[in-house]
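The structure under discussion appears below in the form of structure tokens.
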Amino acid sequence: MSYRVVQWTTGNVGRAALRGITERDDLELVGLFVTNPSKAGQSAGELGADTSTQVRATAAVDDIVALEADVVIHTPLPSLVYGDDPGRDVDDFCRLLA
């Protein structure tokens with residue numbers, strides 16, 4: 001059995017998680033969310049994956065929600081502490097879980 005996985009962000013922790021996902025046979029990377037619009041459209045390989053993959057990054061939450069992944073690995077800096085929108089993480093969690 002394989003789990004369909006989305007990696008949410010590609011910072012230091014996100015890049016490490018992305019490599020871990022793409023190195024495992026029981027995990028299938030199906031989506032990659034980025035907060036930096038300049039990264040949107042880049043491949044997972046360009047953004048830190050060790051293996052080549054056809055998955056392209058998106059900055060659109062709707063694109064990620066539509067994937068209906070089994071797992072989302074959420075690794076951004078918390079917006080509550082570091083961002084200008086303190087409720088963003090909670091809003092994103094709720095959308096992903098719905």
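Numbers here are sequence positions counted from 1.
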Test log, rule side-chain contact (heavy atoms from CB on, under 4.5 Å), inputs V61 and R95: CA-CA 9 Å; V61 176; R95 288 193 66 200; 3.3 Å; yes
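- Applying the salt bridge (charged side-chain N to carboxylate O under 4.0 Å, His left out) rule to R56 yields the partners E46; only residues at least two apart in sequence or on another chain are considered.
- Residue L96 is not grouped with residue V71 when hydrophobic side chains (ILVMFWY) are merged at heavy-atom distances under 4.5 angstrom, including chains of intermediate members.
- Within the structure, ring pair (Phe, Tyr, Trp, His ring centres under 6.0 Å) contacts touching residues 14-38 (residues at least two apart or in different chains) are W8-F33.
- Atom CG of L29 sits about 11.5 Å away from atom CD of Q54, to the nearest 0.5 Å.
- If you take CD on Q42 and OG1 on T58, they are separated by 12.5 Å, rounding to the nearest 0.5 Å.
- Residues A44 and L32 share a closest heavy-atom pair of CA-CD2, 3.8 Å.
- Listed by first and then second residue, the salt bridge (Lys or Arg N to Asp or Glu O under 4.0 Å) pairs that reach into residues 66-78 come to none, sequence neighbours excluded.
- Salt-bridge annotation for D92 and R88: present, with a side-chain N of the basic residue lying under 4.0 Å from a carboxylate O of the acidic one.
- Between A59 and A40 the shortest heavy-atom distance is N-CB, 4.1 Å.
- With sequence neighbours left out, the salt bridge (charged side-chain N to carboxylate O under 4.0 Å, His left out) criterion links R19 to no other residue.
- L77 CG to T9 OG1: the interatomic distance, rounded to the nearest 0.5 Å, is 8.0 Å.
- A side-chain donor-acceptor contact under 3.5 Å links R4 to the backbone of L67.
- Taking hydrophobic clusters as Ile, Leu, Val, Met, Phe, Trp and Tyr residues chained together by side-chain heavy-atom distances below 4.5 Å, L18 shares a cluster with V34.
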Between E28 and V5, is a side-chain contact (heavy atoms from CB on, under 4.5 Å) present by the stated rule, with each step listed? CA-CA 6 Å; E28 176 190 2; V5 180; over 6 Å; no
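- Evaluation of the ring-ring contact (aromatic ring centres under 6.0 Å, His included) rule for F93 yields H74 as partners, not counting sequence neighbours.
- Once rounded to the nearest 0.5 Å, the distance linking CG of L47 with OG1 of T10 reads 5.0 Å.
- Listed here is the closest heavy atom pair of A17 and I73: CB-CG2, 4.2 Å.
- Heavy atoms only, all atoms of each residue included: A69 and V30 are closest at CB-CG2, 4.1 Å.
- Each of V72 and V90 belongs to its own hydrophobic cluster when Ile, Leu, Val, Met, Phe, Trp and Tyr are linked at side-chain heavy-atom distances under 4.5 angstrom.
- For residues 42-71, there are no ring pair (Phe, Tyr, Trp, His ring centres under 6.0 Å) pairs, not counting sequence neighbours.
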